[in-house]
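This is a predicted model, so every value here is computed, not measured. Within every chain, numbering begins at 1; the chains are lettered A, B, ... in the order of the sequence lines, protein sequences first and strands thereafter.
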Number of protein chains: 2
Amino acid sequence: MAKAEMGHDHAHSYEAPTKLTRNQSMVFSALREQEKPLTAYAILDRLRGDGLRAPLQIYRALDKLMEKGLVHRLESLNAFVACQHEACSGHSTVAFAICENCGLVDEIEDEAVNREIERVSRERGFLPTRATVELKGLCAECR
Amino acid sequence: MAKAEMGHDHAHSYEAPTKLTRNQSMVFSALREQEKPLTAYAILDRLRGDGLRAPLQIYRALDKLMEKGLVHRLESLNAFVACQHEACSGHSTVAFAICENCGLVDEIEDEAVNREIERVSRERGFLPTRATVELKGLCAECR
DNA sequence: TCGCATATGTTATACTGTAACGCAACCGTT
DNA sequence: AACGGTTGCGTTACAGTATAACATATGCGA
Ligand SMILES: [Zn+2]
Ligand SMILES: [Zn+2]
Ligand SMILES: [Zn+2]
Ligand SMILES: [Zn+2]
């Protein structure tokens with residue numbers, strides 16, 4: 001039962017982040033119901049009952065959701081999480097604190113971290129387009 | 001050949017970076033001959049002529065080399081690079097600036113970046129054990 | 001020497017991600 | 001309504017990354 005916005009036919013105010021397609025909604029819902037990250041195949045397993053059968057259906061939905069800033073990929077886990085902000089299309093960079101005990105992920109946007117990354121890049125003549133910052137350790141609950 | 005080095009220190013001085021085994025030496029050499037990162041399978045291809053046949057031989061060597069701080073894994077590329085410092089067993093955290101045009105990787109140790117990562121973790125009650133920081137963009141040559 | 005830990009070699013398999021194809025739904029134009 | 005472009009969908013097959021399990025070998029210390 002995909003819960004993500006069923007109806008909504010009528011024209012809306014702004015650039016309503018373009019409605020999600022059926023597959024995209026299902027994948028997004030699967031990720032939001034879970035606070036922990038899921039691999040593409042884990043998502044697939046949860047959605048087999050809803051008609052999704054092939055990995056590509058998941059990966060295509062994830063690609064679009066990432067474009068829209070609704071989902072992030074955790075490179076160090078080969079997994080995906082729903083964005084914890086409103087939707088980070090804009091965000092310069094976010095960091096993820098990943099608990100190795102309980103799997104909880106905290107999405108962090110921090111100005112000073114981003115500033116230092118910019119500075120160190122500039123000092124080396126490097127022109128960054130995106131950054132991956134992932135911290136492993138113990139969350140406040142588990143430490 | 002490839003006996004890796006000789007030398008028996010009767011007196012266990014410190015933990016002299018423990019000699020590399022034959023496979024570890026070959027994998028490490030393959031990585032050092034290349035300034036760009038290599039995937040495990042790319043390393044394997046280069047070492048087939050030297051008797052290595054199976055992925056596991058590569059992965060096992062890489063695991064040990066990473067333990068010793070001689071090699072780093074780039075999570076965002078599923079690839080590996082030789083450490084550009086003396087050997088970062090100790091390093092708190094290093095960042096990698098990865099050129100998307102030429103593939104060059106610059107290994108960066110920066111005190112301020114590390115300090116801000118520590119701070120933001122502390123502020124959230126997160127106890128970090130290791131960090132992955134990978135920047136994608138254009139190197140000084142390619143920009 | 002025995003015994004243990006570590007390293008190796010090999011096969012098979014699991015996990016992660018794409019290429020390529022054809023069809024369907026959508027949308028703005030005519 | 002018919003056209004034509006774009007995007008999404010479904011499927012098969014495959015490529016790329018990583019590990020499990022098991023057997024053998026090798027080094028080193030008690
Ligand atoms: Zn976000
Ligand atoms: Zn936790
Ligand atoms: Zn290093
Ligand atoms: Zn470059």
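- Looking at which nucleotide of DNA chain D each of A:Thr21 and B:Leu77 is closest to, the 5′-most match is held by A:Thr21.
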Between N or O atoms, less than 3.5 Å apart, protein on one side and nucleotides 9-12 of chain C on the other: list the pairs.
{"residue": "C:dG9", "atom": "OP1", "partner": "B:Arg22", "partner atom": "NH2", "Å": "2.6"}
{"residue": "C:dG9", "atom": "OP2", "partner": "B:Asn23", "partner atom": "ND2", "Å": "3.0"}
{"residue": "C:dG9", "atom": "OP2", "partner": "B:Gln57", "partner atom": "NE2", "Å": "2.5"}
{"residue": "C:dG9", "atom": "O5'", "partner": "B:Gln57", "partner atom": "NE2", "Å": "3.4"}
{"residue": "C:dG9", "atom": "N7", "partner": "B:Arg60", "partner atom": "NH2", "Å": "2.5"}
{"residue": "C:dG9", "atom": "O6", "partner": "B:Arg60", "partner atom": "NH1", "Å": "3.1"}
{"residue": "C:dG9", "atom": "O6", "partner": "B:Arg60", "partner atom": "NH2", "Å": "3.2"}
{"residue": "C:dT10", "atom": "OP2", "partner": "B:Arg53", "partner atom": "NE", "Å": "2.8"}

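- By the 4.5 Å heavy-atom criterion applied to side chains, B:Phe80 and B:His72 are not counted as neighbours.
- Open room surrounds CD on A:Glu141; 12 or fewer heavy atoms of other groups in view lie less than 6.0 Å from it.
- Residues B:Arg46 and B:Gln34 have side chains that bring a donor and an acceptor to within less than 3.5 angstrom of each other.
- Hydrophobic cluster membership of B:Ile108, counting Ile, Leu, Val, Met, Phe, Trp and Tyr whose side-chain heavy atoms lie under 4.5 Å apart directly or via other members: A:Ile108, A:Val113, A:Ile117, A:Val120, A:Phe126, A:Val133, A:Leu135, B:Val113, B:Ile117, B:Val120, B:Phe126, B:Val133, B:Leu135.
- Straight-line distance from the CG atom of B:Leu65 to the P atom of C:dA7: 11 Å, rounded to whole Å.
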Q.
I'd like to know whether A:Glu100 forms a side-chain hydrogen bond (donor to acceptor under 3.5 Å, both in side chains) with B:Thr129, so could you lay out the CA-CA distance, the side-chain angles of the two residues, the decisive distance to 0.1 Å, and finally the verdict.
A. CA-CA 9 Å; A:Glu100 290 183 292; B:Thr129 55; 3.3 Å; yes

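- Under a 4.0 Å N-O distance rule, the pair A:Arg115/A:Glu118 does not qualify as a salt bridge.
- Protein atom OH of B:Tyr59 is 14 Å distant from nucleotide atom C1' of D:dA20, rounded to whole Å.
- Contact check, B:Asn78 against D:dA18: a side-chain N or O comes under 4.0 Å of OP1 or OP2.
- Using a 4.0 Å cut-off between charged side-chain N and carboxylate O, A:Glu75 and A:Arg73 make a salt bridge.
- Listed by residue number, A:Thr39, A:Tyr41 are the residues of residues 37-48 of chain A with a heavy-atom contact under 4.0 Å to DNA chain C.
- Contact annotation: the side chain of A:Ile58 never approaches that of A:Asn23 to less than 4.5 Å [non-hydrogen atoms, C-beta and beyond].
- Going from atom CD1 of B:Ile58 over to atom C1' of C:dA7 covers 14 Å, rounded to whole Å.
- Put simply, CG on A:Asp63 is 14 Å from C1' on D:dC9, counting in whole angstrom units.
- Regarding A:Lys64, its NZ atom lies at a distance of 10 Å from the C1' atom of D:dT6, rounded to whole Å.
- Considering all non-hydrogen atoms of both residues, B:Leu138 and B:Cys99 come closest at CA-SG, 4.0 Å.
- Atom NZ of B:Lys19 is separated from atom P of D:dT26 by 15 Å (rounded to the nearest Å).
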